Amino acid sequence: MTYAPIEIAPSILASDFSRLGEELKAVEQGGADVVHVDVMDGQFVPNISIGIPVVASLRKATRLPLDVHLMIDRPERYIDEFVRAGADRVLVHQEATPHLDRALSMIREAGAQAGAVINPSTPVVMLSDVLDKVDTVLVMSVNPGFGGQKFLPIAFSKIRQLAEWRARYNGGYRIEVDGGVDLENIAELAQAGANTFVAGTSIFRTPDAAAATRELRRAATNALSQRV
Ligand code: DX5
Ligand code: ZN
């Protein structure tokens, strides 16, 4: 296994950008494993968020790996720049490019870990021919574009399918889930086979982001130890 069984990935989209450094410190203290960074272009998704300069600033502010989720059309145009800015992992949507295989190769060639993402309406089979070229598969459990949305349970069957293929074919990819992840669903998601849990609202929109990070990890870890 080349991936950690459980990773908590706070999504800074839900943080207070005027206090980004402090917010990062809080989740570091809470034991966060990676920092999830949502990049939106107002085309692929109906929202605009942050871009390359913010990734470069984050790189200076934390030693945690940066998990850069590109919600942009034809992401291959910007992969090199995001990696140069400090992205450790770059995740591209299957729906955003006709050349997913090429985009994933570009990420690895640039020196980062490669991730492929699917929207709630995209079946996992769309990724079956690239599973040997990814370090991460990210299953969206909301329609991308906004934080604070309701979790869509379609993610469970996708995670189970990906975990089954991983076991059957000895795959090395981690399974990540993004959108509406909280203390209500993280245990079942861990049992389904998810490893990396992106959480925005359930971490940063609480009184204590460090405690919320710890609680999510505890719930996921307990669920794994109880798995029969
Ligand atoms: C949604 C983003 C998510 C978002 C998750 O487009 O990809 O990473 O920040 O936020 P919550 O945890 O609030 O659903
Ligand atoms: Zn995201």
Side-chain angles (χ1 to χ4, degrees), residues 7-17 20 23-24 26-27 30 32-51 54-55 58 64-73 75 78 82 87-96 107 112-122 134-156 158-159 174-190 194-209 212-213 215-217 219-220:
E7 289 183 328
I8 305 297
S11 165
I12 58 156
L13 190 63
S15 70
D16 177 351
F17 286 165
L20 197 46
E23 298 270 58
L24 281 175
V27 295
D33 301 275
V34 287
V35 176
H36 185 81
V37 185
D38 288 306
V39 177
M40 304 180 185
D41 67 349
Q43 291 287 330
F44 180 67
V45 291
N47 198 3
I48 296 176
S49 57
I50 55 178
V54 176
V55 171
L58 287 167
L64 293 177
L66 299 178
D67 192 51
V68 177
H69 178 190
L70 297 182
M71 285 164 275
I72 65 179
D73 267 334
Y78 293 104
F82 276 102
D88 299 278
R89 306 177 183 179
V90 177
L91 301 118
V92 293
H93 273 259
Q94 184 275 332
E95 306 86 357
I107 297 169
Q113 292 191 18
V117 191
I118 46 171
N119 279 335
S121 60
T122 302
V134 293
D135 302 287
T136 304
V137 176
L138 170 52
V139 175
M140 289 307 300
S141 43
V142 296
N143 286 292
F146 303 93
Q149 301 182 81
K150 195 168 172 299
F151 177 84
L152 299 172
I154 184 74
F156 283 117
K158 294 183 181 182
I159 292 166
R174 64 176 76 84
I175 302 172
E176 179 165 344
V177 58
D178 183 6
V181 174
D182 60 19
L183 281 172
E184 297 288 305
N185 53 32
I186 195 167
E188 197 176 343
L189 288 166
N195 311 107
T196 304
F197 302 88
V198 178
T201 303
S202 66
I203 287 182
F204 290 111
R205 301 289 165 94
T206 68
D208 186 341
T213 305
E215 282 295 288
L216 286 169
R217 175 191 305 289

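Just so we're clear, the structure is a prediction, and the values are computed from it rather than from any experiment. Remember, it's 1-based here, ligands and their atoms both numbered in the order they're listed. One-based numbering along the sequence shown.
Residue contact check: V198 has heavy atoms under 4.0 Å from atoms 8 (O) of ligand 1. Every atom of ligand 1 with a heavy atom of H69 under 4.0 Å away is listed here by number and element: 7 (O). Less than 4.0 angstrom separates some heavy atom of M40 from each of these atoms of ligand 1: 6 (O). Within the listing of ligand 1, atoms 6 (O) sit less than 4.0 angstrom from a heavy atom of P144. The atoms of ligand 1 that sit less than 4.0 Å from any heavy atom of G147 are 10 (O), 13 (O). Heavy-atom proximity to T201, at under 4.0 Å, picks out these atoms of ligand 1: 11 (P), 12 (O), 13 (O). Proximity to G148 (heavy-atom distance under 4.0 Å) selects the following atoms of ligand 1: 11 (P), 13 (O), 14 (O).
Side-chain contact between F156 and L189: present, with at least one pair of heavy atoms (C-beta onward) separated by less than 4.5 Å. Between S202 and L183, the closest side-chain pair of non-hydrogen atoms is not below 4.5 Å. Using a 4.5 Å heavy-atom cutoff, the side chains of R89 and R174 are in contact. Annotation: side chain of F82 is in contact with side chain of L70 (closest heavy-atom distance under 4.5 Å). No side-chain heavy atom of V27 sits less than 4.5 Å from a side-chain heavy atom of I12. In this structure, the side chains of V54 and F17 stay at 4.5 Å or more apart for every pair of heavy atoms. Counting only heavy atoms from C-beta outward, the side chains of S11 and F204 never approach each other to under 4.5 Å. Using a 4.5 Å heavy-atom cutoff, the side chains of D178 and D38 are in contact.
When only non-hydrogen protein atoms are considered, atom 6 (O) of ligand 1 lies nearest to G145 N, 2.7 Å. Atom 12 (O) of ligand 1 has its closest protein heavy atom at G200 N, 2.8 Å. Of the protein's non-hydrogen atoms, the one nearest atom 3 (C) of ligand 1 is D178 OD1, 2.9 Å. Nearest to atom 1 (C) of ligand 1 among the protein's heavy atoms is F146 O, 3.5 Å. Among protein heavy atoms, atom 14 (O) of ligand 1 sits closest to G180 N, 2.8 Å.
The two residues A112 and A87 make their nearest non-hydrogen contact at CB-O, 3.9 Å.
With a heavy-atom cut-off of 4.0 Å, S11 touches ligand 1 through its side chain alone. The side chain of H36, and not its backbone, has at least one atom closer than 4.0 Å to an atom of ligand 1 (non-hydrogen atoms only; side chain from C-beta on). The side chain of L13, and not its backbone, has at least one atom closer than 4.0 Å to an atom of ligand 1 (non-hydrogen atoms only; side chain from C-beta on).
Between N143 and ligand 1, no N or O atom pair is found at a separation short of 3.5 Å. Distances between N or O atoms of D38 and those of ligand 1 include at least one value under 3.5 Å. Polar contact with ligand 1: absent for S202 (N/O pair, distance under 3.5 Å). Looking at M71 next to ligand 1, no N or O pair under 3.5 Å apart turns up.
Distances under 2.8 Å from the Zn ion (ligand 2) pick out the protein N/O/S atoms H36 NE2, D38 OD1, H69 ND1, D178 OD2.
The aromatic rings of H93 and H69 sit parallel to each other, their planes meeting at less than 30°, with 60° as the upper class boundary.
Side-chain atoms of E95 come within 3.5 Å of backbone atoms of N119 as a donor-acceptor pair (strictly under, hydrogens ignored). No side-chain donor-acceptor contact under 3.5 Å links K158 to the backbone of M140. Under the 3.5 Å distance criterion, the side-chain polar atoms of D182 are left unmatched by any main-chain donor or acceptor of T201.
The number of heavy-atom neighbours closer than 6.0 Å to OH of Y78, taken from other residues, nucleotides and ligands shown, is 12 or below.
Heavy atoms of A199 approach ligand 1 to within less than 4.0 angstrom. Contact annotation: G179 has at least one heavy atom less than 4.0 Å from an atom of ligand 1.
Rounding to the nearest 0.5 Å places OG1 of T136 at 9.5 Å from CD1 of I107.
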Go through it in stages, so that I can follow the logic: the residues are T196 and E176, the test is side-chain hydrogen bond (donor to acceptor under 3.5 Å, both in side chains), and I'd like the CA-CA distance, side-chain angles, deciding distance and then a yes or no. CA-CA 4 Å; T196 304; E176 179 165 344; 4.6 Å; no
